[in-house]
Amino acid sequence: MDPTDLTKEMLENTANHLRTQYPNIFYVLADAESLPFMDESFDIVTCRIAPHHFPNPDDFIREVSRMLKPDGKFILIDNIAPEDTKKGAFMNEVEKSRDVSHVRCLSMSEWQKLLQSNALEEVQSRERKKKFIFPEWVKVTTKSQEQRDEVEKLLLNASEEIKEYFSIEIADGKVQSHQIDEWMVLCKKE
């Protein structure tokens, strides 16, 4: 198994957590859009809650397809934008305000098009809503109270349609929680 990440600290943290229990894991510092592995060298590739940080998800999917053996499996789990353009733009604006490393959540149909165009056949998938408790969620990546206030302001000032879609819960003028969509998909290389 070869976990990869662009951030050395993430790999070190994972290695420290798993090293004694799983000594056969190799940790590789790499860019997901240009991976240092040979063609058709993996039976399985997985990626969880990361592609919305990738500047070029099409390059990433091309790399996944290149590295997979014929009939190899790919599991992708990531936040997805709603198909509605306005709702998708709102979601990405909120995420970018909270986390400067956020690039863009794709919609499910955008992912499906990328997968199909790279010989990755969708075998099974599931979409679900993920609920976030706002005060905890917003603190994870923000650097200041001002930034947290700006994110909250976006949610508070959203249209009723947006508030309903994202289940934005407000009490005493403060955001309590909201939900986003997540997609899990299993693909097989054709």
Side-chain angles (χ1 to χ4, degrees), residues 3-6 10 32-33 35 42-68 71-141 151-152 154-156 158-170 175-190:
T4 63
D5 199 285
L6 190 57
M10 290 289 281
E33 297 172 1
L35 292 161
F42 289 93
D43 295 307
I44 298 172
V45 173
T46 64
C47 187
R48 181 185 169 275
I49 314 298
H52 59 269
H53 296 284
F54 301 164
N56 302 295
D58 50 332
D59 291 343
F60 163 65
I61 295 299
R62 211 171 5 263
E63 283 292 273
V64 167
S65 184
R66 178 188 65 76
M67 294 182 318
L68 277 174
D71 291 328
K73 306 292 190 293
F74 172 51
I75 299 171
L76 170 70
I77 302 171
D78 201 19
N79 305 330
I80 56 168
E83 296 295 334
D84 178 275
T85 308
K86 189 167 83 174
K87 291 174 185 151
F90 176 81
M91 177 191 177
N92 281 303
E93 180 182 10
V94 168
E95 289 289 341
K96 186 72 175 170
S97 324
R98 180 185 77 99
D99 181 355
V100 296
S101 71
H102 177 85
V103 176
R104 186 171 85 87
C105 289
L106 302 182
S107 67
M108 188 187 316
S109 63
E110 288 175 296
W111 277 118
Q112 288 170 326
K113 185 177 176 183
L114 275 176
L115 295 167
Q116 290 168 2
S117 65
N118 285 280
L120 295 168
E121 176 190 353
E122 184 178 327
V123 175
Q124 186 177 355
S125 71
R126 186 175 131 209
E127 186 179 0
R128 73 177 185 123
K129 296 280 187 186
K130 273 195 325 193
K131 184 175 182 174
F132 295 109
I133 305 304
F134 182 79
E136 297 164 11
W137 171 81
V138 77
K139 286 181 183 175
V140 173
T141 55
V151 176
E152 185 169 38
L154 284 170
L155 295 170
L156 289 170
S159 70
E160 288 307 313
E161 179 185 12
I162 294 283
K163 286 178 180 172
E164 183 179 329
Y165 183 86
F166 292 101
S167 301
I168 301 171
E169 294 179 23
I170 300 169
V175 176
Q176 303 301 305
S177 65
H178 73 291
Q179 294 182 8
I180 63 170
D181 300 319
E182 180 183 75
W183 191 47
M184 296 165 264
V185 62
L186 168 64
C187 298
K188 181 177 84 170
K189 184 175 177 181
E190 298 172 351

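- Ionic pairing of K129 and D181 is present here: one or more N-O contacts between side-chain nitrogen and carboxylate oxygen are shorter than 4.0 angstrom.
- The distance from atom CZ of F166 to atom CD of E161, rounded to the nearest 0.5 Å, is 10.0 Å.
- Between S97 and E93 the shortest heavy-atom distance is OG-O, 2.6 Å.
- The main-chain N or O of V100 is found under 3.5 Å from a side-chain atom of K96 such that the two form a donor-acceptor pair.
- The pair E63-R66 meets the salt-bridge criterion, with a side-chain N (NZ, NE, NH1 or NH2) lying under 4.0 Å from an Asp/Glu carboxylate O.
- Two residues are said to be in side-chain contact when any heavy atoms from C-beta on lie closer than 4.5 Å; R62 and D58 meet this criterion.
- Here the side chain of R104 pairs no donor or acceptor atom with the backbone of A81 at under 3.5 angstrom.
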Fill in: Trace of the side-chain contact (heavy atoms from CB on, under 4.5 Å) decision for I75 with M184
CA-CA 7 Å; I75 299 171; M184 296 165 264; over 6 Å; no
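- Counting only heavy atoms from C-beta outward, the side chains of F54 and C47 approach each other to under 4.5 Å.
- Between V94 and I180, every side-chain heavy-atom pair lies at or beyond the 4.5 Å cut-off.
- To the nearest 0.5 Å, atoms CG (L114) and CD1 (I61) are separated by 6.0 Å.
- At least one side-chain heavy atom of V151 sits under 4.5 Å from a side-chain heavy atom of W137.
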Practice prompt. Show your reasoning for whether side-chain contact (heavy atoms from CB on, under 4.5 Å) applies to S107 and I80.
Written response: CA-CA 5 Å; S107 67; I80 56 168; 5.8 Å; no
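- More than 12 non-hydrogen atoms from other residues, nucleotides or ligands lie less than 6.0 angstrom from NZ of K130.
- Contact check for K73 versus D43: no side-chain heavy atoms found under the 4.5 Å cut-off.
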Worksheet item: Is there a ring pair (Phe, Tyr, Trp, His ring centres under 6.0 Å) between F90 and Y165 once you walk through the steps?
Response: CA-CA 11 Å; F90 176 81; Y165 183 86; 10.0 Å; no
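- From D84, atom CG reaches atom CE of M91 across 13.0 Å, with rounding to the nearest 0.5 Å.
- Put simply, OG1 on T141 and NZ on K139 are 12.5 Å apart, with the number rounded to the nearest 0.5 Å.
- The nearest pair of heavy atoms linking W183 to Q112 is CH2-CG, 3.8 Å.
- Contact record, A32 with F60: O-CD1, 3.4 Å, taken as the closest heavy-atom pair.
- E152 contributes a side-chain N or O that, together with a main-chain N or O of V175, makes up a donor-acceptor pair within less than 3.5 Å.
- The shortest non-hydrogen separation linking P135 to V138 is O-CG1, 3.6 Å.
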Practice prompt. In sequence, state the C-alpha distance, the side-chain angles, and the governing distance for E83 and S109, and then conclude on side-chain contact (heavy atoms from CB on, under 4.5 Å).
Written response: CA-CA 7 Å; E83 296 295 334; S109 63; 2.6 Å; yes
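- The residue from I44, L186, V64, V185 that alone fulfils the side-chain contact (heavy atoms from CB on, under 4.5 Å) condition with F74 is V64.
- Classification of the H102-H52 ring pair by plane angle, with boundaries at 30° and 60°, yields tilted.
- Shown here is R128, whose CZ atom has more than 12 heavy atoms of other residues, nucleotides or ligands within 6.0 Å.
- We find the CD1-CD1 distance between I49 and I77 to be 6.5 Å, quoted to the nearest 0.5 Å.
- R98 and E95 are joined by a salt bridge, as a carboxylate oxygen and a charged side-chain nitrogen come within less than 4.0 angstrom of each other.
- In this structure, the side chains of C105 and D78 stay at 4.5 Å or more apart for every pair of heavy atoms.
- Judged by distance alone, with hydrogens and angles left aside, the side-chain atoms of K189 form a donor-acceptor pair with the main-chain N or O of S65 at under 3.5 Å.
- Residues K87 and I162 meet the side-chain proximity criterion, which asks for heavy atoms closer than 4.5 Å.
- A heavy-atom distance below 4.5 Å is found between the side chains of F132 and H178.
- Note that CG of D71 and CD of E190 are 10.0 Å apart. Values are rounded to the nearest 0.5 Å.
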